[in-house]
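Here's the structure, in structure tokens; my notes come after.
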Amino acid sequence: MTAVTRGSAGAVELAPPAGGAGRDARRPRGPRRRWLAWGYVAPAMALYAVLVLGPFGLSVQYSFFDWNGIGTAVWVGLENYVEVFADPSRLNALLNAFKLIFFYSVLSVALGLLAATLTRSLESRWSRAAQTILFLPQVVPLVGAGIAWSWLYATDGAVNQALRAVGLGALARPWLADFTWALPAIGLVGTWVLIGFCTMLFSAGMSKIDPALYDAASVDGAGAVRTFFAVTLPGLRNEVAVAVTVTLISALKSFDVVYVMTLGGPGRATMVPGVDVYQLTFNQARVGAGSAMGVVLMVLVLLVVIPIQRVVRGRS
Amino acid sequence: MRLTTTRGARRRAVGLALVGVAGVLLAGCTPGGSAPAETPAASATPVNTALTEEEVVLDVYLETNFQDAFKALAEEFTSQHPNVTFTFQADTTANLSQNATKIISGDAPPDLVRYTSVAQAAKDGIVANLDGYAEAYGWDAWPTGTMDQLRTPGDGSRGAGSLYGLGIGYSVTGVYYNKALAAELGLTIPPTTIDEFEEQLAVAKAAGELPISSGNKDFMVNFPFQALQNQYALRTPTGLDDLKHFAYARPDSTFELDSSLAAAQKIQEWAQKGYFPDDANAIDYMGDIGGFSGGEGLFMFNGDWAAAQIDGIAPGAFGFFLFPGETADSRAIAMSAPATYVVPAQAADKDAMAYFLNWVHTDEGARQIVLDVTGSTPGGPAELAQPTPKEGTLAVETLAAAQVVSQSDGAIDFTANSTPGIFTAVIGPNLQLLISDRITPEEYVTAVQTGYETELGR
């Protein structure tokens, strides 16, 4: 029974009840109890079915048709899926989503760890202030952030002015019009938004680590770096897993920032699946092709996220 | 632990299987499978041209930024016909283009909707055939260059067949120029040939000025592209019709035309010579208008809808001319398109709506309102007097240009309108590649043609 509780609660460590038998005596789990439990869950399940499973089922259905959303739909079998993998522009969008993972996940988790470690050693007043500042981008609507960042990246924007001011004028360029740099420029906006979330998560996690471990480390003569890898990082394993999962999903399904800043351009240099699905469905009225792309995107997200969950749960 | 994992995995497997089964079951049926409500291009509805004496409320669904203009028209109409009043629903252009199809095909649609994809909507049978009204009111006699854009034979193409919409305001495109800069550079405006226009670009470039202000984040380089192509199309007798057929998505049409390649070559040449801004691909439409009205750039390709805004920023500082041809006596051709409105097939008050549409095109007061508020010409019978533009505004020049185009029957639809998605999905991204030397002009033409065929399912 204990095992069931632990397993179903995922990675969270619950204090096991003192004795299995005693617990069972208090909360009998007969068939009636089970139906009652389903009864409690039913309203939420119904909403979930209508709002999530329903549309998902419809997307799967649409993906097998050539349909403009109004007229007669024509069954095309797997043709829409073949297009996702055969058309370079669809593939390119998927590839870009994976490139964004570096900025959304790797960079923001790494910088979040750094920020959380640094603010931990600060006096609590200052560490709060620092965390608040880092967290602010989370509160800003992404569309607004996208507009502000496209000004920063403009030819005469703040980024180029700063470069010129420090004598790096040769590097200045219209970032969002640059085929090589547009995607990294957008990726950095993702990093900027997600650092705050990661820092917050990691700081909360660190407060749970037994201070005695830090004391022991310093008694053993471990430096900051050694302490980080020996104490902090192992203690934050679950938080890192959550952060990686959440940021990975935002990278793969990114839409708003790209839509506002480049619309997928220049050319298709920053096209991502989210924008592509939107364009296919609403601009080109190819509901089937858009749905297929959406389904593929969802499968990819699952393929990336499930192993991460496995790895973390397996270890804990 | 072991037990848990197995149970969890089994539950998950069952869940996935259920979702999968549901998907397959659903996949079996056809979405939106019901036959169109009305056979495409069905015969026109019986019409009544006398305005009802009963109290009527006409529902209009339109773009937010055209609301003021429409309200002015509605007020004028209600003051002439007090039994007819209007209600409005407005959306931004982007939202409207997503929602309009659903709203038109809904149970109780509005009586009039701003809508651009006329051909597809007619094919799906969701908009009213206006042939009966056209015959009764005499719309068939209006200039064909713009009216043909609203006709469709019902196969998803345009340019011929039954009438399915009308414009409220008909725009014309051309070139805006900075008067002070042109004078400083000693240029004679308007240039009379494309060669002369190019010489002026070179003069501006040599003087360190930006020759063409253009925001290609929103793919505005398509304005000069088609301006060139319209004229190159005149090199062969059928060239212009071929181009029109492409814009209308006619069954036999193609973008693989001599004029397409010639225009792509010229645009790339201009880009290589630095006639567009370095960061054109990062400048959006509003940024372009802002920069140009602020004094940056000698020319800007745009339409008459922008005139009021430019006048508002710097009155009297800018002028407008039609893009010239290859020779001084070339026929004047310009992109000129209606701001299209359709009457949903299930609309409640079609007769009153048609009466209103006819009134917008023919009533003197209404025509004046259309010009004053939209900056575009009111269309309607060619022999009717044009409304009077306000002295000293750009409207004087855009209206004159529209008349020249009308006299030469030189109106052509935007190639960007050939299919609903071609502009943002195909033309735009490839134009960005073309002006950055990432693809050749030949590749540009092929890319547009491929996208065109994909979207039309050819």
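Computed from a prediction, not measured in an experiment: that's the story for all the values here. Naming convention: chains lettered A, B, ... in sequence-line order (proteins, then strands); numbering from 1 in each chain.
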Item checked: A:R173 vs B:D278, side-chain contact (heavy atoms from CB on, under 4.5 Å): CA-CA, chis, key distance, verdict -> CA-CA 9 Å; A:R173 63 191 73 224; B:D278 291 340; over 6 Å; no
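Atom CD of A:E79 has 12 or fewer heavy atoms from other residues, nucleotides or ligands within 6.0 Å. Residue-environment remark: CD (B:E296) stays at or below the threshold of 12 foreign heavy atoms within 6.0 Å.
Only the side chain of A:N68 comes within contact range of chain B, with at least one heavy atom under 4.5 Å from a heavy atom of that chain. Contacts between B:S105 and chain A at a heavy-atom distance below 4.5 Å involve the side chain alone, from C-beta outward. Only the side chain of B:F219 comes within contact range of chain A, judged by heavy atoms closer than 4.5 Å.
Here the CG-CG distance, from B:D284 to A:L176, works out to 11.0 Å after rounding to the nearest 0.5 Å. Atoms OG and CD1, on A:S150 and B:I283 in that order, are 12.5 Å from each other to the nearest 0.5 Å. Considering CZ of A:F282 and CG of B:N99, their distance stands at 8.0 Å, rounded to 0.5 Å.
For residues 256-267 of chain A, a heavy-atom distance under 4.5 Å to chain B picks out A:V260, A:M261, A:T262, A:L263, A:G265, A:P266, A:G267, given by residue number. Chain A is approached within less than 4.5 Å, heavy atom to heavy atom, by B:S436, B:R438 from residues 434-442 of chain B, ordered by number.
Side-chain contact check for B:T424 versus A:Q279: some heavy-atom pair is nearer than 4.5 Å. With contacts defined as side-chain heavy-atom distances shorter than 4.5 Å, the pair A:F179/B:N281 qualifies.
Residue B:P429 comes nearest to A:R268 through the heavy atom pair CB-CG, 4.0 Å, listed as atom of the first residue, atom of the second, then distance.
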